[in-house]
Amino acid sequence: MKSPRRTMMSFVIIVIYSSQVTLSLNLESIVHPLILHDHELAGEEPLRQKRAVVTSSPAAKEYTVDIEISFENASFLEPVKTYLNSLTFPIRVNDSDQATNILSMEVTTVCRPTGNEIWCSCETGYRWPQEQCLHNLTCQEHDNSPAGNHCSCLKGLPPKGPFCQLQGAVTLRMLVRLNVGFQEDLRNTSSALYRSYKTDLERAFRKGYSILPGFESVTVTGFRPGSVFVRYEIKTTTPSPELMRKANEQVMQNLNQTYRMDYNSFQVIPSNETKFSIIPEIIFEGDTVTLMCESEVLSPNMSWHHVPRHSDIQNSSRFSIYSSVFNNVTSVSHLIIYNITQEDAGEYSCKLTLDIFEYESRKRINVTPIRIWANEEMKVTCDNNPVSLNCCSEINVNWSKIEWKQEGKINIPGNSETDLDSSCSNYILKADGTQCLSGTTVVYTCEFISAHGARGTKNIEVTFTSVANITITPDPISVSEGQNFSIKCTSDMSNYDEVYWNTSAGIKIYQRFFTTRKYPDGAESVLTVTTSTREWNGTYYCIFRYKNAYSVATKDITVHPLPLELDIMVDPLEAAISCKGSHYFKCCIEEDEHYKVTFQADSVFFPPEKEVNGKQVCYILNFTANSVSWCPKNVDVFCHFTNAANNSVRSLPMKLNLVPGENITCQDPIIGVGEPGRVIQKLCQFSNLPSSPGGPIGGIITYKCVGSQWKVKRNDCISAPINSLLQLAKALIKSPSQDRKLPSYLRGLSISKDKVAHEVGSSPGSLGAIINILDLLSTVPIRVNSEMMTHILSIVNVILDKPILSTWKMLLQQQTNYSSQLLDSVERFSQAFWSEDSTILSISQTNVQMRSMIIKSGPPKPYKQVFVFSDSDLWGNVAIDKCQMENLQPDSSIVTVAFPTLKTVLAPDFQRNNFADSLVMTTTVRPQITTPFRISMTFKNNNSLGWKPQCVFWNFTLANHTGGWDSSGCYGKVDGDSVFCSCDHLTSFSVLMSPDSPDPDSLLQILLDIISYIGLCFSILSLAACLVVEAVVWKSVTKNRTSYMRHICIVNIAASLLVADIWFIVASTIRDHYYLLNETACVAATFFIHFFYLSVFFWMLTLGLMLFYRLVFILHDVSKSIQKAIAFSLGYGCPLVISVITVGATQPQEVYIRKNACWLNWDDTKALLAFVIPALIIVVVNVTITVVVITKILRPSIGDKPNKQEKSSLFQITKSIGVLTPLLGLTWGFGLATVFQGSNAVFHIAFTLLNAFQGLFILLFGCLWDQKVQEALLKKFSLSRWSSQHSKSTSLGSSTPVFSMSSPISRRFNNLFGKTGTYNVSTPETTSSSLENTSSAYSLLN
């Protein structure tokens, strides 16, 4: 191929021929290399052989022969191609041989020198075989074409193997027009016309297109109108345009002219031989979409068309097209659509044009919007509960990522969880009340991002709401220390679990500072600070909580410095000066602020002088008596402090007494002056007591002027260290951060316990201050842990030590409730105690021990604690059984504290001789329980005198809330050296030893019970008999007004006493020694007993007053109806008023009845006096009336001549009053005697006997002893012999009356009043007419 003198080129011609003869030989196709010289057309020379095997066959066979031709001049190639194109095929090889024809001749491979190399390339429609491309270097080696692809150019001619081969068969869809009329039968594939057209046309097409290389078949596929358009398909390799035109000409020549085929109408219908691919398969709006056409037809002429819009696509900002021929093997065109939209959807066509051939492929793309499902609006309650925002795509695809964003006034982040399998994403957020403002809307956006850039978003509007909409006081709050302020916080919802206030530091404010009220349509909470301090400066949060949701409102408070009234120390508290003297007044504070200070005396203001002594700043005024207008006079002196906010505070008054100088006897430069007996008080720090380096002394000291000297009357001074602790405690409970300060304060207090012991050992005031400190600290609402409780009990141990008990004695002489206050403080600390450990916690000191247990979930365990104090020789235990423990909730706490020495300082019982001789043990449960709770205790029995042990508890409400022992709800029994107590409530318990109260099991108590019940039975029967007798003799004994009113009184006395006794029995059945009384029934029984016993006495008073009236006011007469009205008003009206007032005044406070009996209370309210006082007054009045009446009868006035019947009635009245009144008075006199301590058992027995047999006495002395009653009964039930005896008795009675001079009684009265001789008060019986005409006042008795 190469020559030193000339450049050679070669090409290969493929010759296809057919033969119809039967051959049975091997035919070698000899390929001759021809070297064409100038002007030489052709020459043949064998170059290489290609073997073809032909076998005999009855059908025509086709053969292909490769011919290689070489040229010295490359310009010869084009004439050869032109010559070959000008040939008309088929060509007969020999005119005489009709069996062999040459069908086609085409150039397939051309080798040209390129530089120092020979490049052999294939002509159009041909490709090097795959094996040649694999084993030879291609011209595009630098393009790194993939191995195994067909190639179109090789470097050098391969030494062996085939040349360029035809490409694979393609189907050409063709169209040609026949200029004939269209008939409908051409639509029917089974019609004869259709078959005729099809046969003729296919025969002509086959003959014409058989010259095409690789021709396989041609098929008519249909006809359509427009003349007649014939659609047909050719299956062949891709022909060259020149060869295609030759084939069309051959078709025209082979077709019958009657078809009138139009040569110019041949056209190729665009085919889909190209490969069309789309990435991605699922297209979303916004994706970047790549459409790719790939064809083996090499042509860079490729175009894109959008079918729905009938427009060609050109390069632009949204469309990008680039086409290329890849490795001379494949034509590739890319169409990139950026940010695709719905308008870009539809059918796209990719068209490759090569001369007359068009290769087209179409595909439809669908653009799907990204649809995301989510709740577009949500309301989230700021309750710190997790809330999930959900977004899911409609189509489940593999999203590249899913992102969440938020936009709004507040930032509440969350965490996203994405499940790519389900194409869903959850955004979980939590919001509490401190993060969100109610009503604020935040937009959360979920964004789905595809792998090709599409972004779909969904907005979720989340409105954050609190539990309620909170409004707060709008006006700014600016106050000074000592002033009050309030903040009102209102909610529009009444459904809440808790309302509380916090400081800006998150410290909860104690509940005593605010109140909360609930209304049907809302609620309000008011924070009220009565005495503000500088610690209240800041921001406060009003918080309404519902479950885990919080609604919050805030308010800023400004507090300006100003001393509190109690922080201004004044001297003197009170003083006296002479009318011409002077005195220094002083106001001191513990800070040096810029205040404007003035003193005021009466209405006159004075400027003071300022004196600074360390931290203490004092303002001093030298007041002279001539500053006021007159003397003597009492003047109140004040000092006023005004701050920068123009708010002022006035000190406590300093009382000044201006006295004449001659009355002054006591003089002291510090205490002042005073007259004898004058008592004044001074703050201890300004007294003549020595000052302390540890700070100012607290408390007050009282002086009294005795003779010419001031003497200390009472010393309540508090040492400087204790006073400092007290001031810190007072500041702590006013602080909004009190719960944070309390632990450190208790720690410091415990560290200084030795100093505390030294200070309180000789100072009752310091001891009282420590008790006040514990009381103040116990009100702080925080949980008390074990460390804090240890500190507290260490201080309690100090102040209950035996050496301190003498100081207690002095303290209790001044104020009696300190011991009760201490016990109450320890109970509050116990109630607030909390421990994380469920095991028994034990704290032991010499004078106090504590045990506690936390209830955990699971089977309940019994609670039993033992306390032993060896120093005091006392022990005790507390037990709560499993049944009671089941009623307690998990995490409840039980705390028991025992004291061995507290019994000596607790105020004794109302019976002063009772005392506690055991431990005092207090048990508390948290949370508090309201249902009865049974607790059992065992105390050591120290009863050496045989007194009765009594189980009691400390009732803080007794004795005007100073406290006292109470036995309600407790039951006790003695078992050897132990006293067992069982109570149905919790508090502080002990055992009392009473020497006076009879033991319920004692012989005396049994005897008293027997006497009471027997006597009441006799009394009730006697009273009933009395009423029966009165009913029988009523007409006979009520013939005059005096007798009528007397028997009215007797009947009502008997009836009232009868009802009272019945109610007494009812009350005794209600009473229960061991369990709580039925309170309602007990109150009713007490009321009726009180009322009817009072009625007995008031009817006796009525009887006495009626007798007094009839004998003293002789000339005055009142009708029977008026007398009855007065009698019933007095007999029932007054008792009713007294009883109603008593129950109305005491029962609302539940102090109407006694704790252990159905009778009027004595310990708390002295309600018993509402019975005792009227009864004693009536007894005294009746005794007085009896004396006056007897005197009057024995010494009648001139003109007083009562008739015999009236004298008999008056005598009976006098006798009744004289008998009944002493008896009744004596009865209740014995009752009063039993009240006093140490009363003898004789008084108990006498009282029981006389009280139980009252009814019998009334029957005997008030009814049957009456002579007229006796006569009436004898007359009613007499026989004949009884009548004669009755007459004698009557005449005897008439002739010898009781009050005649001959009577022994009469003689005694005469001797008593100094009378001698005979004085007969009896008169002959009078007739009715004489009664009517007498001038005596006794005539009015008719």
Okay, side chain of S750, backbone of L746: is any donor-acceptor separation there less than 3.5 Å?
no

Please find the pair of heavy atoms, one from F544 and one from C542, that lie closest to each other, and give the distance.
CE1-SG, 3.6 Å

Test item: V570 and K586 side chains (from C-beta on) under 4.5 Å apart, heavy atoms
no

Any donor-acceptor pair under 3.5 Å linking the side chain of S830 with the backbone of V895?
no

Given side-chain contact (heavy atoms from CB on, under 4.5 Å), test L800 with V848 step by step and report yes or no.
CA-CA 8 Å; L800 288 180; V848 62; 5.5 Å; no

Restricting to non-hydrogen atoms, name the atom on V559 and the atom on N537 that form the minimum distance, rounded to 0.1 Å.
N-OD1, 2.9 Å

Atom pair SG/CG of C588 and D567 - distance to nearest 0.5 Å
12.5 Å

Smallest heavy-atom separation, I577 atom then I664 atom, equals C-CD1, 4.3 Å

Should the SG-SG distance of C666 and C705 be recorded as below 2.5 Å?
yes

Could you please spell out the steps behind the side-chain contact (heavy atoms from CB on, under 4.5 Å) verdict for W954 and T922?
CA-CA 9 Å; W954 188 257; T922 177; over 6 Å; no

Any side-chain heavy-atom pair of I701 and D716 under 4.5 Å
no

Testing T924, D775, T779 one by one against R828 for a side-chain hydrogen bond (donor to acceptor under 3.5 Å, both in side chains), which residue passes?
D775

For the residue pair E574 and I680, what are the closest heavy atoms and their distance?
OE2-CA, 3.4 Å

Would M850 and F833 satisfy side-chain contact (heavy atoms from CB on, under 4.5 Å), going step by step from the backbone distance to the final call?
CA-CA 11 Å; M850 189 201 84; F833 179 75; 4.1 Å; yes

Grab the two heavy atoms, one from I509 and one from F514, that are nearest each other, plus how far apart they are.
O-CE2, 3.6 Å

Is any side-chain heavy atom of L749 less than 4.5 Å from a side-chain heavy atom of H791?
no

Under 3.5 Å, is there a donor-acceptor pair between the S719 and S763 side chains?
no

Is the backbone of P721 close enough, under 3.5 Å, to the side chain of S724 for a donor and an acceptor to pair up by distance?
no

Side-chain heavy-atom pair T490, I470 within 4.5 angstrom cut-off
no

Salt-bridge test for K488 and E524: reply yes if a basic N is under 4.0 Å from a carboxylate O, no otherwise.
yes

When rounded to the nearest 0.5 angstrom, what is the spacing between OG in S825 and CD1 in I795?
13.0 Å

Would you say Y703 and D668 make side-chain contact, with heavy atoms under 4.5 Å?
no

Using 0.5 Å steps for rounding, measure from the CG atom of L811 to the CG atom of L805.
12.0 Å

Heavy-atom count check: over 12 atoms from other residues, nucleotides or ligands less than 6.0 Å from K711 NZ?
no

Considering all heavy atoms of both residues, which atom of F956 and which atom of D824 are nearest to each other, and what is their separation?
CE2-CB, 3.5 Å

State plainly whether the residues R747 and E787 are in salt-bridge range, i.e. N to O under 4.0 Å.
yes

N772 (side chain) donor-acceptor with G768 (main chain) under 3.5 angstrom:
yes

Would you say the side-chain atoms of Q600 and D636 include a donor-acceptor pair closer than 3.5 Å?
no

On the six-membered ring of Y540, is K555 placed so that its NZ or CZ lies under 6.0 angstrom from the centre and within 45° of the ring axis?
no

Separation between CZ (F829) and CD1 (I792), nearest 0.5 Å, reads 4.0 Å

Are W808 and S819 close enough that a side-chain donor and a side-chain acceptor fall under 3.5 Å?
no

Solution key, residues 477-486 side-chain donor-acceptor pairs under 3.5 Å, sequence neighbours excluded:
residue : atom : partner : partner atom : Å
S478    : OG   : H560    : NE2          : 2.9
S480    : OG   : N643    : ND2          : 2.8
S480    : OG   : N647    : ND2          : 2.6
E481    : OE1  : R534    : NE           : 2.8
E481    : OE1  : R534    : NH2          : 3.1
E481    : OE1  : L562    : N            : 3.1
E481    : OE2  : R534    : N            : 3.2
Q483    : OE1  : S480    : N            : 2.9
Q483    : NE2  : N647    : OD1          : 3.4

Return the OH to NZ distance between Y619 and K596, rounded to the nearest 0.5 Å.
13.0 Å

Just so I know, are the side chains of S525 and V499 near enough to count as touching, which here means a heavy-atom distance under 4.5 Å?
yes

Using atom types as modelled and distance alone, determine if a side-chain donor or acceptor of S651 lies under 3.5 Å from a backbone N or O of C639.
yes

Side chain proximity check, L777 to Y745, heavy atoms < 4.5 angstrom:
yes

Is there a donor-acceptor pair closer than 3.5 Å between any side-chain N or O of W710 and the backbone N or O of G672?
yes

Step by step, work out the side-chain contact (heavy atoms from CB on, under 4.5 Å) result for L564 and V649.
CA-CA 7 Å; L564 301 179; V649 62; over 6 Å; no

If I take atom SG from residue C587 and atom CG from residue L652, how far apart are they, to the nearest 0.5 angstrom?
9.5 Å

Do R545 and E498 sit within salt-bridge range, that is, some charged N less than 4.0 Å from a carboxylate O?
yes

Residue pair H640, F599: steps toward the ring pair (Phe, Tyr, Trp, His ring centres under 6.0 Å) verdict:
CA-CA 6 Å; H640 297 264; F599 279 80; 9.0 Å; no

Side-chain (D801) to main-chain (P803) donor-acceptor, under 3.5 angstrom
no

Verify the neighbour count for atom NZ of K1166: are there more than 12 heavy atoms of other residues, nucleotides or ligands below 6.0 Å?
yes

For Y584, does the OH atom have more than 12 heavy-atom neighbours from other residues, nucleotides or ligands under 6.0 Å away?
no

Heavy-atom check, side chain of K655 versus side chain of N634, under 4.5 Å:
no

